[in-house]
Number of protein chains: 2
Amino acid sequence: MGRPAKLSRERLQTAALALVDAHGLAGLSMRALASELGSAPMTIYNHVAGRAELEVLVVEAVIGEADWSREPHDDWRDAVVAITVALWRAVRAHPHAIPLILTRRSRSTALLEASEALLDALARSGRSGRELLIAFRTVTGFVMGIAQAELAGPLSVAADEPADVVIGRFRALPRFRYPRLIEIADAAATSDAEGELRAGLALVIAGLDAGLDATPSPSRRRLPVAQ
Amino acid sequence: MGRPAKLSRERLQTAALALVDAHGLAGLSMRALASELGSAPMTIYNHVAGRAELEVLVVEAVIGEADWSREPHDDWRDAVVAITVALWRAVRAHPHAIPLILTRRSRSTALLEASEALLDALARSGRSGRELLIAFRTVTGFVMGIAQAELAGPLSVAADEPADVVIGRFRALPRFRYPRLIEIADAAATSDAEGELRAGLALVIAGLDAGLDATPSPSRRRLPVAQ
DNA sequence: ACCTGAACACCGTTCAAGT
DNA sequence: ACCTGAACACCGTTCAAGT
């Protein structure tokens with residue numbers, strides 16, 4: 001069979017992502033990848049230091065699909081939305097890779113790029129230093145948390161079990177004990193994911209907006225802050 | 001070496017968590033756990049269906065450490081803060097278990113309990129149905145995302161490498177290319193984690209507060225802001 | 001410079017057998 | 001009801017050897 005015998009980082013990358021997409025994280029192994037590419041397991045080590053680096057390659061491939069810079073945005077809020085929605089879409093397109101993304105992202109230059117762009121937008125809200133750090137942590141935490149929650153949270157929809165199974169499990173909970181959970185399980189059954197993301201993001205941005213009133217003086221604030 | 005030969009779910013649970021805490025996720029294996037408890041690997045299967053169930057046990061142990069119900073809170077904002085901070089502290093005390101928690105939490109009854117309590121607090125902000133779902137997703141996404149980000153994000157502090165190594169890696173980035181990342185890396189080096197969490201949470205809650213103005217139907221109300 | 005087979009030290013889990 | 005050893009089908013990675 002005319003198998004291209006030449007291996008390359010790029011071929012490893014796309015084949016690895018394909019494996020993860022098709023068979024889940026457990027499907028990604030040096031041996032499986034090698035046989036997929038028609039070569040010996042050890043050949044892979046000529047292009048990649050080990051499994052960890054392979055995983056970073058997968059993360060890069062996923063994040064690389066995010067394209068947030070179609071047009072520039074005058075309003076920093078629009079820029080924040082554009083970047084986070086683009087990231088979320090890319091991540092969501094590869095649900096099996098999410099644990100990898102959460103775990104290996106600090107090594108991905110594609111994500112560094114996105115992070116810098118997001119920071120740039122947030123800085124335009126008038127923040128710097130620690131305030132900027134907190135805004136950054138809040139937004140990225142939110143996006144990653146939402147992406148993850150959808151996959152594996154109590155109301156998971158994207159996991160390996162079909163949505164109605166998960167929601168059914170919730171409906172089966174003792175009604176008197178978890179009335180609220182059952183209420184939102186019903187709501188979750190009929191709502192679209194991106195709509196939820198955007199609505200949540202709007203809340204976060206509203207918070208970022210409100211936070212601007214109180215910021216400059218470090219001592220007293222109007223927000224329910226710790227201590 | 002008077003080893004108690006009797007195995008029990010509870011002994012498995014604490015031993016498994018101890019293994020994860022001490023040696024990381026990779027340190028948790030049926031075989032390692034068995035030898036830790038002085039029994040044969042297969043004995044474990046008499047108390048637990050398999051590795052997946054063992055992992056849920058670990059999640060339960062971690063979440064079970066969160067205690068948010070010391071006193072009731074009149075203000076829903078205070079309740080939200082109390083619950084999320086308690087969860088965050090418990091999770092943060094076991095950083096190696098975080099991937100497990102993100103992945104297996106939908107099976108943990110301890111987390112169901114916490115979720116219901118959080119929903120209860122959020123419902124007191126005047127939300128229900130889809131609005132409640134979105135508020136819930138936003139807050140839980142935020143907390144989990146932050147906990148995870150701290151461990152593995154671009155500014156990770158809790159990973160297996162010491163903080164100064166990570167931050168040093170950032171300082172080594174091309175300054176002209178990632179100026180904002182370098183700026184917050186400096187801020188991250190001197191800031192405390194719980195302070196960041198609470199400040200971010202304050203932003204989210206401010207957003208939840210602001211969101212009340214815009215709500216379409218009956219629950220429009222202008223609550224006096226905290227304090 | 002790139003590829004590879006054999007081997008090592010691990011996994012989770014099935015099965016049949018013990019008490 | 002609880003425990004267990006042997007075995008199966010996997011892992012990632014080292015090493016020595018090939019081209």
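- The side chain to side chain contact (heavy atoms under 4.5 Å, CB included) check on B:His47 picks up B:Leu7, B:Arg9, B:Leu12, with sequence neighbours excluded.
- Rounded to an integer number of Å, the gap from A:Leu12 CG to C:dC2 C1' is 13 Å.
- Contact between the side-chain N/O atoms of B:His47 and the OP1/OP2 oxygens of D:dC3 is found at a separation under 4.0 Å.
- For A:Thr43 and C:dT4, the shortest distance from a side-chain N or O to OP1 or OP2 is below 4.0 Å.
- The side chain to side chain donor-acceptor pair (under 3.5 Å) search around A:Gln13 returns none, not counting sequence neighbours.
- Counting non-hydrogen atoms of neighbouring residues, nucleotides and ligands closer than 6.0 angstrom, the CD atom of B:Glu10 reaches no more than 12 such neighbours.
- Atom CG in A:Leu37 sits about 14 Å away from atom C1' in C:dC3, given to the nearest Å.
- The distance between atom CZ of B:Arg9 and atom P of D:dC2, rounded to the nearest whole Å, is 13 Å.
- For A:Glu183, the side chain to side chain contact (heavy atoms under 4.5 Å, CB included) test picks out A:Arg180, B:Ser128, B:Leu132, with sequence neighbours left out.
- In this structure, the CD1 atom of A:Ile44 is 11 Å from the P atom of D:dC11, given to the nearest Å.
- Between the P atom of D:dC11 and the CG atom of A:Leu54 lies a distance of 13 Å, rounded to the nearest Å.
- Atom-to-atom, NE2 of B:His23 to P of C:dC10 comes out at 13 Å; the value is rounded to the nearest Å.
- Applying the side chain to side chain donor-acceptor pair (under 3.5 Å) rule to B:Arg31 yields no partners; only residues at least two apart in sequence or on another chain are considered.
- Applying the salt bridge (charged side-chain N to carboxylate O under 4.0 Å, His left out) test to A:Glu116 and every residue at least two apart in sequence or in another chain returns nothing.
- Distance CG (A:Asn46) to C1' (C:dC3): 6 Å, rounded to an integer number of Å.
- For A:Glu65, the side chain to side chain donor-acceptor pair (under 3.5 Å) partners at least two apart in sequence or on another chain are A:His94.
- In this structure, the side chain of B:Glu36 does not engage the main chain of B:Ala15 through any donor-acceptor pair within 3.5 Å.
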Interface polar pairs with nucleotides 12-14 of chain D, N/O, under 3.5 angstrom:
{"residue": "D:dG12", "atom": "OP1", "partner": "A:Met30", "partner atom": "N", "Å": "3.3"}
{"residue": "D:dG12", "atom": "OP1", "partner": "A:Arg51", "partner atom": "NE", "Å": "3.1"}
{"residue": "D:dG12", "atom": "OP2", "partner": "A:Met30", "partner atom": "N", "Å": "3.0"}
{"residue": "D:dG12", "atom": "N7", "partner": "A:Arg31", "partner atom": "NH1", "Å": "2.3"}
{"residue": "D:dG12", "atom": "O6", "partner": "A:Arg31", "partner atom": "NH1", "Å": "3.1"}
{"residue": "D:dG12", "atom": "O6", "partner": "A:Arg31", "partner atom": "NH2", "Å": "3.4"}
{"residue": "D:dT13", "atom": "OP2", "partner": "A:Tyr45", "partner atom": "OH", "Å": "2.8"}
{"residue": "D:dT13", "atom": "OP2", "partner": "A:Arg51", "partner atom": "N", "Å": "3.0"}
{"residue": "D:dT13", "atom": "O5'", "partner": "A:Tyr45", "partner atom": "OH", "Å": "3.4"}

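- For A:Ala40, the side chain to side chain contact (heavy atoms under 4.5 Å, CB included) partners two or more places apart in sequence, or in a different chain, are A:Thr43.
- Under the rule for a side chain to side chain contact (heavy atoms under 4.5 Å, CB included), the partners of A:Thr140 that lie at least two apart in sequence or sit in another chain are A:Leu118, A:Phe136.
- Checked against side chain to side chain donor-acceptor pair (under 3.5 Å), B:Ser108 has the following partners two or more places apart in sequence or in another chain: B:Glu60.
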Return one dot-bracket line describing DNA chain C 5' to 3' (Watson-Crick or G-U wobble pairs, both distances under 3.5 Å; ( ) same strand, [ ] crossing, | another strand, . none). ||.|||||...|||||.|.

Distances under 3.5 Å only, N/O to N/O: pair up the protein atoms with those of nucleotides 17-19 of chain D.
none

